[in-house]
Amino acid sequence: MLLPALLIACWGAVIVGLPKLLPTQAASWLTYLALLIAPGYLLGDLVARRVALDPLERLALAFPMGVAALTPVGMAALLQHWTVDQLALGWAFTSGAITAGWALAWLVWPCPPATARTAWTLDELLLALLLAVVFVLLVPTLDLYKIDGDAYAVNSFAADALAGLPLNATEPIFGTGLGPGVRMAFNQSLPMSYLWSYWSGIAPIPLSAMASRSMLALWSMLATYMLGRAAGMGLSSHSQGRRFGLFVVAIQLLIYVAAPFLRGDNVSLFFFERITADKFMVPVTMLPVAFALAIRFARGGARQVWVAATVVTLAVSAIHPLIAAMLALALGAFATLHLVLAWREAAARWRSLALGALAGLVMILPLVQLVLARGEAPLAASYPSSLEGWPVGHKSVPALPFIYLPTLDVSGPLPDLSQLNAAEANSPTDPFLIWRFAVNMNRRRLLLFDLDHYISDPNILLEPPYLLAILLLPLLLPGLRRNLGAQFALSTALAVLFVMFNPWLTPLIGSLVMPWILWRFVWLLPYALILGLAAAPLVNLIGQALGRLTGRGAGLARYAPLATVVALALLFSPMAVRNIQMLHERAAYPYYYPTPERLLARLDELTQRNGPATVLADQDLSVSIPAYVANAHIVAHRVPTTSEVFPADQQEEALQGGPQRQQPGYSTAAGPGLVRMGDGRPVLYALSGGQTAHGHGHDPRQYGPGRAALG
């Protein structure tokens with residue numbers, strides 16, 4: 001009862017406004033616990049009361065359950081264009097109802113929820129303490145001030161919400177009535193961020209830049225523990241269950257900290273810098289919980305486990321459709337392998353069918369979004385339908401050791417987007433599309449044999465942790481029929497390889513989403529779990545051998561996982577120190593988006609007083625302005641964002657005037673074209689790199705009466 005009581009106290013403290021009196025980090029932690037963990041823990045207690053989970057697993061389950069609790073009111077707020085005050089009231093009512101329902105359940109059914117039967121042993125406590133110490137040491141790195149262009153774009157939604165504007169009524173950057181698109185209209189990470197900022201009193205930028213990563217990092221560790229514990233129940237007595245769960249967390253955390261990766265876009269960097277982004281947050285905090293419940297259900301067939309898994313999968317689908325598809329792939333693969341291996345058992349057959357049903361349920365909302373998206377005006381293409389007239393040829397790239405494969409390649413200089421002629425936006429040789437194609441090919445995420453046949457670039461899997469995990473997969477085959485953790489790891493790994501490297505299936509999936517993001521399927525690879533499962537027998541044998549040598553038997557053998565973790569930590573400590581130093585250097589010297597705070601504060605004041613205004617800005621400055629000023633409708637040469645917001649038949653109108661704004665001074669030729677960009681409103685304010693627009697040779701009078709330049 002103590003933990004639920006503490007969480008309910010956190011919830012009450014947030015409702016009465018206590019976080020706004022606390023320092024930033026304390027306010028953020030308290031709000032996070034109240035917003036997601038308190039209602040999620042209580043809902044999980046109601047749904048999975050009879051499931052034997054230990055306190056760490058119940059905390060891990062609380063996060064996706066908290067998202068599920070938020071989803072009904074959050075979805076209503078986004079689709080019905082509520083204000084943030086209405087959203088906050090709806091959340092308070094919903095979470096209050098969950099709290100009241102939980103209290104009523106305790107009165108009617110006072111027995112405590114089922115818990116793990118075995119007590120914690122000393123070696124488990126020591127390993128858990130070691131992980132806790134490491135996390136505390138990592139908190140300063142997780143709390144470094146770090147923000148990128150994607151975070152600014154998301155925070156532009158939060159700025160509008162906290163200014164009291166109707167949610168999702170307009171897209172926040174250009175201020176048009178086009179709306180934010182289908183995916184953002186359903187994405188529950190938006191209400192989560194709105195309410196986190198609303199109840200904590202922390203502005204969206206500092207919240208995402210420094211005050212929210214450590215919470216999600218901790219909960220990713222809890223989620224990994226829950227998956228490891230479920231997968232380890234079929235192992236030997238010295239490795240199973242809780243001990244193995246902690247062992248897997250240690251492996252995962254060691255990989256994050258040491259960063260043994262060759263590519264720059266690796267999961268270590270995402271863990272420390274981008275874990276708040278929905279596309280990475282969901283795979284590390286929610287998918288492991290769903291997988292743990294799936295393994296438990298396949299093992300025992302408990303109805304409450306399936307219901308809890310259903311709630312978690314639906315919460316995943318309410319945030320990110322591609323991650324939902326990844327979840328469906330893993331569940332489907334696990335169900336299929338389990339069915340094949342245990343075909344003669346009636347219980348295994350219906351459990352496999354129930355797991356398959358989960359895979360179908362998680363795809364309902366993404367399919368609805370797909371249908372709705374097809375009914376909207378088509379956006380500008382992000383992937384070419386023809387290469388006619390393009391400067392494209394073939395080149396050979398290293399795909400595997402000593403193996404080169406051909407792929408398409410743009411030859412010659414890339415188009416200068418600062419000189420993009422708006423009329424070219426709808427031409428077969430659209431300069432932006434050529435530029436985007438070339439940039440993505442340089443990132444080595446696809447091998448294109450031709451436009452209709454491609455696979456993920458194999459170098460994505462040639463990272464040491466991934467490659468080692470794949471090479472160790474054969475070690476999972478002994479005892480596969482009875483080891484459900486190994487069944488899950490093997491089936492998911494094979495499914496990932498099949499999807500990423502199938503020249504017929506991969507393009508089919510790419511046609512439904514965007515080919516450039518298919519590489520994210522590598523995040524589904526359970527590499528830490530595979531490494532743990534492969535190492536467990538060896539660790540167990542070493543422990544037994546040491547036990548026999550010392551005459552202490554099983555008592556010493558239990559300490560083998562702890563000793564292994566300590567040895568690996570010492571071995572990789574130089575890499576870990578170097579990676580932490582690199583992360584601090586990245587925070588000290590980031591890619592800079594101008595944020596002249598006094599200027600932005602003045603612009604915010606003016607637009608609040610005088611109403612929404614169209615703002616002319618340079619490219620980099622235009623990235624940060626919407627995240628600070630809700631009523632600023634930006635006009636700038638934002639080609640990537642423009643193509644994602646404006647329909648294909650409006651690209652010429654959206655992009656006009658762009659080339660002139662990239663010059664040292666703004667020419668009068670830019671003025672007339674910009675009026676149409678701003679929904680017919682005149683350009684009221686012009687900002688340019690923190691200097692006065694007039695100092696750049698720009699005369700604000702050219703924009704007519706009542707217009708001004710800020711600098």
Side-chain angles (χ1 to χ4, degrees), residues 3-8 10-11 14 31-75 90-106 112-115 188-189 191-192 195-196 215-216 218-227 229-230 278 281-297 302-320 323-324 327 331 358 361-362 365:
L3 183 55
L6 289 175
L7 292 173
I8 292 173
C10 290
W11 178 82
V14 167
T31 305
Y32 170 78
L33 293 174
L35 175 64
L36 294 166
I37 305 307
Y41 188 95
L42 301 180
L43 181 60
D45 199 3
L46 290 172
V47 172
R49 176 175 287 254
R50 294 180 179 176
V51 183
L53 302 174
D54 66 25
L56 296 182
E57 289 178 293
R58 292 197 176 274
L59 284 172
L61 178 62
F63 181 80
M65 284 288 178
V67 174
L70 173 63
T71 293
V73 64
M75 198 164 292
W91 170 80
F93 177 81
T94 302
S95 55
I98 291 173
T99 304
W102 179 86
L104 180 61
W106 265 95
T115 57
Q188 292 309 295
S189 69
M192 183 177 79
L195 292 176
W196 200 337
M215 303 86 183
L216 296 174
L218 177 59
W219 252 258
S220 75
M221 294 170 60
L222 294 173
T224 301
Y225 166 77
M226 186 172 180
L227 174 58
R229 185 170 184 269
D278 57 358
M281 173 187 72
V282 177
V284 297
T285 59
M286 300 174 69
L287 294 196
V289 176
F291 298 148
L293 293 171
I295 294 172
R296 281 179 171 271
F297 178 75
R303 183 178 303 174
Q304 282 199 348
V305 175
W306 190 87
V307 173
T310 300
V311 176
V312 172
T313 56
L314 292 176
V316 170
S317 69
I319 293 184
H320 202 295
I323 308 303
L327 173 57
L331 291 175
L358 282 178
L361 287 173
V362 77
L365 188 55

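Atom OG of S317 is separated from atom CG of L327 by 8.5 Å, given to the nearest 0.5 angstrom. Here the straight-line distance linking atom CE of M226 with atom CD1 of I295 works out to 10.0 Å at 0.5 Å rounding. Of the inter-residue distances, the one linking C10 atom SG with L6 atom CG reads 7.0 Å to the nearest 0.5 angstrom. The CG atom of L42 sits 11.0 Å away from atom CH2 of W106, with the distance rounded to the nearest 0.5 Å. Remark: S95 OG to L195 CG distance equals 9.5 Å, nearest 0.5 Å. The CD1 atom of I8 sits 11.5 Å away from the CD1 atom of I98 when rounded to the nearest 0.5 Å.
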Step by step, would you call F297 with L293 a side-chain contact (heavy atoms from CB on, under 4.5 Å)? CA-CA 6 Å; F297 178 75; L293 293 171; over 6 Å; no
Steps toward side-chain contact (heavy atoms from CB on, under 4.5 Å) verdict (Y32, L216): CA-CA 9 Å; Y32 170 78; L216 296 174; 4.1 Å; yes
Where do M215 and W196 land on the side-chain contact (heavy atoms from CB on, under 4.5 Å) test, with the steps shown first? CA-CA 12 Å; M215 303 86 183; W196 200 337; 3.9 Å; yes
Passes side-chain contact (heavy atoms from CB on, under 4.5 Å), L3 versus L59? Steps please. CA-CA 10 Å; L3 183 55; L59 284 172; 4.1 Å; yes
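Across every non-hydrogen atom of L227 and F291, the tightest pair is CD1-CB, 3.8 Å. Summarising the geometry of R58 relative to A48, their closest heavy-atom pair is NH2-O, 3.3 Å, with the distance given to 0.1 Å. Taking both residues in full, the closest heavy atoms of L331 and L358 are given as CD1-CB, 3.9 Å, listed atom of the first, atom of the second, then distance. Minimum interatomic distance between Q304 and R50 (heavy atoms only, all atoms of both residues): OE1-N, 2.8 Å. Across every non-hydrogen atom of A34 and A38, the tightest pair is O-CB, 3.9 Å. L56 and Y225 get closest at one heavy-atom pair: CB-CE2, 3.6 Å.
Between the side chain of W219 and the main chain of I37, no donor-acceptor pair closer than 3.5 Å is present. At distances below 3.5 Å, not a single donor-acceptor pair connects side-chain atoms of Q188 with backbone N or O atoms of I319. Judged purely by atom type and a 3.5 angstrom limit, R229 has no side-chain atom pairing as donor or acceptor with the backbone of D54.
L61 places a side-chain heavy atom less than 4.5 Å from the side chain of V312.
A donor atom on one side chain and an acceptor atom on the other are not found under 3.5 Å apart for W11 and T99.
Scanning for side chain to side chain donor-acceptor pair (under 3.5 Å) contacts around W91 gives an empty result, with sequence neighbours left out.
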